[in-house]
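Letters go in sequence order (proteins before strands), and every chain restarts at 1.
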Amino acid sequence: MYNLKELRKNLDDIKKKLQNRNIDFDINNFKTIDSLNRDLINKKEKLEQEKKSLSKSKDKANFERSKKITQEISDLEKKQSISQSEIDKIIFSLPNLAHDDVPIGRDEKSNKLIKKKGDIKKFTFSAKSHIELGERNQNIDFDTSIKLSGSRFVVLKDKFAMLERALINFMLDTHVNEFQYTEISPPLIVNEDVMFGTGQLPKFEEDQFEIKFDNSDQRKFLIPTAEVVLTNLVRKSIIEKNLLPKRFVASTPCFRKEAGSYGKDTKGMIRQHQFYKVELVSIVEPNKCLNELERMLGCAESILEKLEIPYQVVLLSSGDMGFSAEKTYDIEAWIPSENKYREISSCSSCGSFQARRMGAKYKSESGNDFVGTLNGSGLAVGRLMIALLENNQNEDGSINIPNVLKNT
RNA sequence: GGAGAGGUGGCCGAGUGGUUGAAGGCGCACGCUUGGAAAGCGUGUAAACGGGAAACCGUUUCGAGGGUUCGAAUCCCUCUCUCUCCGCCA
């Protein structure tokens with residue numbers, strides 16, 4: 001979400017930048033509504049000013065005029081709240097602008113490869129997919145999950161369930177002990193405002209699981225990522241500067257409808273309605289966002305390095321980034337059965353975009369200012385399991401468990 | 001589920017119809033004091049929106065919405081959230 005004043009000043013520039021994000025911003029429409037809105041505000045304020053001065057005296061001669069003004073104000077208010085909500089509708093749905101270092105492009109074809117790490121193992125046999133590896137002992141059981149819940153869910157059993165738990169512990173321990181993140185155990189159900197804060201609403205409602213909670217009008221949602229709760233930990237607050245940066249880590253299930261991805265990755269555990277993810281969130285002074293992004297990327301990478309899984313880092317193009325991001329790195333792990341890299345983490349700086357939506361500020365030298373927020377997967381557990389299983393498989397279908405996991 | 005209490009500034013907390021954006025305290029900032037610190041003293045310290053290059057000006061805001069009134073933090077209604085007790089339960 002932008003500052004309206006800034007938006008007005010740089011309309012043409014912002015339109016151009018939004019084009020890089022594949023958004024066609026209608027300047028004229030915005031100008032029309034905005035000027036109407038401001039006109040109504042001005043008229044209303046003038047009347048309010050008069051009313052205020054009248055009500056300071058107890059002179060009965062003014063009562064009649066004052067009464068009339070009250071009515072006029074209430075009429076103007078109704079009109080203004082309509083034009084206001086039209087403006088809100090427009091600006092709440094505009095994505096963040098890409099930072100200057102972001103490559104400009106329509107889609108993932110313009111993404112920029114930053115680095116490759118690790119050696120891709122040459123198997124002397126044909127590498128099996130995680131599905132085949134899981135079927136060996138029925139440790140990945142889709143037959144049962146279909147019966148329980150439908151497609152895009154999974155039942156993990158025995159050693160595989162334990163492996164999932166070990167990976168979560170390993171990642172949490174690493175981020176807490178090595179990188180000074182504070183571990184959080186958050187709610188998985190949040191209200192509408194929280195979803196708005198990080199940008200899931202209003203634009204991406206169709207991908208969220210809304211749950212029937214009670215008979216009140218308050219809407220509740222299952223979190224699609226711990227980013228939502230961790231970032232909103234600072235919502236509607238003003239933080240002392242010396243308490244920044246704040247760094248949070250949590251492992252939570254994530255719930256996504258995956259609307260619009262029908263037919264994509266239908267087999268296996270790559271794309272699920274429910275999956276565990278270890279999530280990193282940083283709350284920083286806004287000018288430190290880009291440094292923090294590099295740091296966060298390093299934290300996520302370190303997991304793959306410790307597990308000796310080959311990966312590459314990609315800088316997303318303006319058209320491929322998520323709604324709230326100003327700059328995003330994806331980490332892609334090598335998946336032998338697909339003979340390609342697949343996304344296993346996404347680390348983004350959101351600048352002050354989410355902070356504005358949440359009302360999250362800190363005390364700076366020049367007064368209160370919005371904080372910067374960052375989020376990154378550190379890492380997606382399901383996909384990490386796939387990468388680990390497939391990269392560490394033996395010909396007989398057994399798996400070599402890395403030493404770093406053995407004590408967790 | 002039953003009963004009660006309460007939502008006021010970064011925090012705590014006064015305030016039951018008329019210059020109350022709001023006493024007092026804490027915190028914070030600056031200054032004085034000190035060899036230095038603490039204490040003490042003094043001054044300052046809300047946000048949102050609109051106008052302005054800026055200084056600054058204006059309006060709004062005491063959980064949210066509606067009502068009464070010339071005038072509402074204060075009265076009435078609805079909603080919401082939090083807390084306490086009882087019941088139930090992991």
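The gap from the P atom of B:U16 to that of B:A23 amounts to 15 Å, rounded to the nearest Å. A distance of about 43 Å separates the C1' atoms of B:A38 and B:C57, rounded to the whole Å. The gap from the C1' atom of B:A48 to that of B:C62 amounts to 15 Å, rounded to the nearest Å. Comparing the same atom, C1', in B:G10 and in B:G1 gives a spacing of 38 Å after rounding to whole Å. To the nearest whole angstrom, the two P atoms, one in B:A37 and one in B:G52, are 46 Å apart. B:C11 and B:C89 have their C1' atoms separated by 36 Å, given to the nearest Å. To the nearest whole angstrom, the two P atoms, one in B:U60 and one in B:C86, are 47 Å apart. Going from the P atom of B:A22 to that of B:G9 covers 14 Å, rounded to whole Å.
The phosphate of B:G50 has OP1 or OP2 within less than 4.0 Å of a side-chain N or O from A:Arg8. Between A:Lys43 and the phosphate of B:U59, there is no side-chain N or O to OP1/OP2 separation shorter than 4.0 Å.
Using a 3.5 Å distance cut-off with no hydrogens or angles, the side chains of A:Ser110 and A:Ser317 do not pair a donor with an acceptor. Between the side chains of A:Glu164 and A:Tyr276, no donor N or O sits under 3.5 Å from an acceptor N or O.
Straight-line distance from the CD atom of A:Glu77 to the P atom of B:C49: 17 Å, rounded to whole Å. Rounded to whole Å, atom C1' of B:A53 lies 9 Å from atom NZ of A:Lys9. What separates CG of A:Asn42 from P of B:C49 is a distance of 15 Å, to the nearest Å. Look at NZ on A:Lys236: it is 15 Å from P on B:A47, rounded to the nearest Å. Between the CG atom of A:Leu40 and the P atom of B:U59 there is a distance of 18 Å, given to the nearest Å. Regarding A:Leu47, its CG atom lies at a distance of 15 Å from the C1' atom of B:G50, rounded to whole Å. Distance, A:Tyr362 OH to B:A29 P: 15 Å, rounded to whole Å. Nucleotide B:C81 holds its C1' atom 12 Å from the CG atom of A:Asp193, rounded to whole Å.
Among the protein residues, A:Lys52 comes within range of the sugar-phosphate backbone only, with heavy atoms under 4.0 Å from sugar or phosphate atoms but none that close to a base.
The residue among A:Phe370 and A:Lys44 whose nearest nucleotide of RNA chain B is located toward the 5' end is A:Phe370. Comparing A:Lys46 and A:Gln84 by the nucleotide of RNA chain B that holds the closest heavy atom to each, the one mapping nearer the 5' end is A:Gln84.
Geometrically, A:Lys361 engages A:Phe370 in a cation-pi contact, judged by NZ or CZ lying under 6.0 Å from the ring centre and within 45° of the ring axis.
Applying side-chain contact (heavy atoms from CB on, under 4.5 Å) to A:Leu97 and the options A:Ile14, A:Val102, A:Asn20 leaves one that passes, A:Ile14. Each of A:Phe204, A:Phe196, A:Phe353, A:Phe323 was compared with A:Phe92 under the ring pair (Phe, Tyr, Trp, His ring centres under 6.0 Å) criterion, and only A:Phe196 meets it.
Between A:Glu279 and A:Val249 there is no side-chain heavy-atom pair separated by less than 4.5 Å. For the pair A:Leu374/A:Leu280, no side-chain contact is recorded, criterion being any heavy-atom separation below 4.5 Å from C-beta on. A:Asp207 has its side chain out of reach of A:Pro224: every pair of non-hydrogen atoms, C-beta onward, lies at least 4.5 Å apart. Counting heavy atoms from C-beta outward, A:Ile399 and A:Asn394 have side chains that stay 4.5 Å or more apart.
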Under 3.5 Å, N/O pairs linking protein and nucleotides 62-70 of chain B:
unit_1 : atom_1 : unit_2  : atom_2 : d
B:C70  : O2'    : A:Ser66 : OG     : 2.4

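Residues A:Phe142 and A:Phe153 keep their aromatic ring centres 6.0 Å or farther apart. Taking the six-membered ring where the residue is Trp, the centroids of A:Phe221 and A:Phe255 are separated by 6.0 Å or more.
On a pure distance criterion of 3.5 Å, no polar donor-acceptor pair joins the side chain of A:Glu45 and the base of B:G50.
Closest to the side chain of A:Glu48, out of B:G52, B:C49, B:U60, is B:U60. Of the candidate nucleotides B:A47, B:G52, B:U60, B:G52 has the atom lying nearest to any side-chain atom of A:Lys5.
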Base-pair map of RNA chain B as dot-bracket, where | denotes pairing with a different strand and pairs are Watson-Crick or G-U under 3.5 Å: ((((((((.[[[..)..(.....]]]((((((.......))))))((((((....)))))).[[[[[..)....]]]]])))))))....
